[in-house]
Structures are given as C-alpha cells and as structure tokens.
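Note on naming: letters A, B, ... go to the chains in the order of the sequence lines (proteins, then strands), and numbering restarts at 1 for each one.
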There are 2 protein chains.
Amino acid sequence: MSEATVTRAPRRADAQRNYEIILATARAAIAERGANIVLEDIARDAGVGIGTLYRHFPTRQDLLEAAFLDEALELRARAIALADAPSTFDALVSWLRLQRDFGAHGRSMGAAVMNAKHTEGTEIQIACASMRDAGAVLLQHAQAAGEVRAEVELVDVLRLIHGIVLANEQAPDARRVEGMFDLVIAGIRT
Amino acid sequence: MSEATVTRAPRRADAQRNYEIILATARAAIAERGANIVLEDIARDAGVGIGTLYRHFPTRQDLLEAAFLDEALELRARAIALADAPSTFDALVSWLRLQRDFGAHGRSMGAAVMNAKHTEGTEIQIACASMRDAGAVLLQHAQAAGEVRAEVELVDVLRLIHGIVLANEQAPDARRVEGMFDLVIAGIRT
DNA sequence: TTGCAACCGGAGGCATCCTCCATATAGTAT
DNA sequence: ATACTATATGGAGGATGCCTCCGGTTGCAA
C-alpha cells in the first residue's frame, strides 16, 4: 500500500516523526481491531502523550480519515487499472467487491469515513472524489456496453455497499454478506 | 400503534407505573432524536432515578428492544394485512418500504435492534421472528407469482434495507435513500 | 397498624473523549 | 558554542455517558 506521506506546511522534525508514528500505529490498530479504537491506547502504543495525538489529529474523525487516505488512493488506483479489463461488467463487479472487502477489513472504517460529509477541499474529500471518479469510469463503460442499467448512479451503489458492511458489523456472516452483495449486483444489471 | 403492555410476573403498582412511564418517555425520545438517547435524560424526563431505569431495563439494548417491540408487532400486522393484496409484488414492495420508513423514523433503532443477535426465546426475538415469518409469506407469494427471483432470501433483503438506513444516518438524503431502495427492488425482481 | 419484600434513587466507579498549559526542544541567529 | 524563541510535548483533569451498589422508602398483605 502506498505511503501517502503528504508534505505540508514545514514542521519540526520531531513533530513530523510523531505524526507518522501515530498514523502508523493507528493504521495497524484499525486493521486489527476495527475503527472503534481507543485514542488513548494509540497514543500509548505510539509512545507519545495523548496531547500530542490530539494536536496532530484534532478529532477522532481526522485520524480515521488520515488512516483511510491510503485506502482511497489504493481503490482509485485499482479502478484505473481495471478500466482496461476485457469485460466491463466484471471489472465493475471486481472493483465493487474490493470496496466491500476494504470496508470489511477496516471494520467499516471506510464506511464511517465515507458516510461523513466532508468539507470541500479537504485532502480526504479530494481523495474520495477522485476515487469515485475513477470508479465512475468503470460504471460508464459497463453502461455503455449495455450491461448495467443507464439510470444507476455510482453514489447509490457505493453507499449500498457501505450499508452492507455496516449492517454486518455486529454479527459478520460471510454467506449473508455474499447474498446481499449479489442482490446489489443483480440490481444494477440490465 | 398498539400498546404492547405485556403483563409479566406480578409487580408492585409503583414499579409497573414507572416501567410504563420510562418506556413511553424513551419511545418519544427515540422518535424525536434517534436511537442514541442518553439514558440519564430519559430517567430525568420520566421523573425517576437512573437506578430505577436500570432496574427495569438492565442494559441500553433492553430498553431499545422494548421500545422496538411495538414496531415489530406493527410490521407483522402490516405484512399479514398485505398478504391479501391483489398484486403480490406491490404488496412486498410496500412492506419493504414500511421497513425502510420505520427504520428511518426511529433513526435506525430498528436497525440497531435487528442487527443484534438475540438469544432464543426472548420476547423481542419471538416478535422479530414472527415479523419475519409474516414478511416471508409476502416474499413467497411474489416468488410463486414469478415476480421475484426464487433464490432471493428475505433475511438478505431486510438486512440490506437496514443497511440503507444505517448508511444514511449521518447525512440523510431522501433522494439517495430512494435510489438505493429502488436498486434493491430491482435486485430482487425476476 | 405493622412488617417486610419489593422498590426507589442518586452517589460514585469506570471508560473515553478532548482541552489546557507548564515545560521541553529543534532550529536559527549571533 | 551559546542564546533565543517559535514550535512541540505530554499528562493532569474537566466533561460526558454507561452502569452498579446499597441505604432509605413504600406498597401491600395480614
């Protein structure tokens, strides 16, 4: 996964170091235990004070978004890679499956992030938008090929998939998830 | 909505009174502000101590479930009433729409409740099960009429609708909800 | 009226989020 | 090297919300 090390306003070396350590620790914790991490634990594991964590990530949401940034970029890259696939429909479905798995893996962190309304111009907002743009291409291809209904909107499909992840958070059941996913796929088909 | 006043083991009059006041207060609060109510507030508004609330409803989930019980019974009744409708497909869709609206109204309280795994034999578990049974009849009718694919399972459809509610909790958008719902309906159609 | 089992209610323990500010330090100017 | 200062640190503690515990109260049966 690409390290999206964004070089922003000049920071002191120790600040930059702590920023990265905190983010890495959070990413690991989220991957392992889900999005409802305890920020105090992250700070301890990262070896910094809680105050330091809060300076770099003023709200819980900020930390989650920063951790999710990589995933958004990754999903965007995948969409672009799939744009040349022979079957437009399969490409779209594969990408949607990735969306589902990424969400399930990060324990709906993706969903938690996607669900929030981002202020225009935010780094995460831009990343999400460009991820959606890349996905929209897949959808358009499939629609142009007449395999997906013309009136289907990507936003709805994505949000539906996030809904699947959310609805299966408490009692995850692969069979159930698969069934729900198939239902959505059937719904977009011509 | 029918008052599901369940007369259980004999209780002192004051206990029974408080039980009902708390439940009514909680229901009103949930309808107005959603499922993430503050139990301390409920107790205060009901004019009882927090200890009293917790005696009657040992966990937050217990209170939510009790408040949801009526909705489950109502949804069951609606399903039974719709079983005689001329169009089996429309009947099913109407009922699913109810599911969606009830969830949105109670701010996904329904979803929160449905999502939890209930221990066998619980009052709420039985209510939910019989609600699902009633809904399953609608699905079977529509399937028998060849209007819904045979492999569609009710559980998946219901959970998908709860997912819609969950995914739209933060930033509710009627247009989005409608689009997602239509997508699901398209997905079950033959 | 009396006795007691059932019931009440709120103080307080615990977890978590987040703020504030006295202290420490990186980087720069001398 | 030294001093200076803008920047960064970190943990004490305030706020909120969940839930438990137990001394005091009360309905109700005899």
Trainee: Scan B/I37 against the nucleic acid and name what it touches under 4.0 Å (heavy atoms): base, sugar-phosphate only, or nothing.
Mentor: sugar-phosphate
Trainee: Would the base of C/dC7 count as contacting B/Q16 through its side chain, where contact means a donor and an acceptor less than 3.5 Å apart?
Mentor: no
Trainee: Kindly say whether, by distance alone, the side chain of A/R44 makes a donor-acceptor pair under 3.5 Å with the base of D/dG10?
Mentor: no
Trainee: Does B/E32 come within less than 4.0 Å of B/R27, counting only side-chain N to carboxylate O?
Mentor: no
Trainee: Would a 4.5 Å heavy-atom cut-off, applied to side chains only, mark B/D62 and B/T59 as touching?
Mentor: yes
Trainee: Checking all strands, does B/R55 fall into the base, sugar-phosphate, or nothing category for heavy-atom contacts under 4.0 angstrom?
Mentor: base
Trainee: Nearest to the A/A13 side chain among C/dA26, C/dC8, C/dG9, which nucleotide is it?
Mentor: C/dA26
Trainee: Rounded to whole Å, please give me the gap between NE2 in A/H56 and C1' in C/dT19.
Mentor: 16 Å
Trainee: Which one, C/dC17, C/dG27, D/dC19, comes nearest to the side chain of B/R60?
Mentor: D/dC19
Trainee: Whole Å only: how far is the CG atom of B/L63 from the C1' atom of D/dC19?
Mentor: 14 Å
Trainee: Atom CG of A/L39 to atom P of C/dC17: distance rounded to whole Å?
Mentor: 5 Å
Trainee: Quick one: does B/R12 reach the base of D/dT26 with a side-chain donor-acceptor pair under 3.5 Å?
Mentor: yes
Trainee: Quick one: which of C/dC8, C/dC18, D/dC19 gets closest to the side chain of A/I50?
Mentor: C/dC18
Trainee: Atom OH of B/Y54 and atom P of C/dG13: how far apart are they, to the nearest Å?
Mentor: 17 Å
Trainee: Output yes when at least one side-chain N/O atom of A/T52 is less than 4.0 Å from OP1 or OP2 of D/dG10, else no.
Mentor: yes
Trainee: Hey, does the side chain of B/N18 come within less than 4.0 Å of C/dC8's phosphate (OP1/OP2), counting only N and O?
Mentor: yes
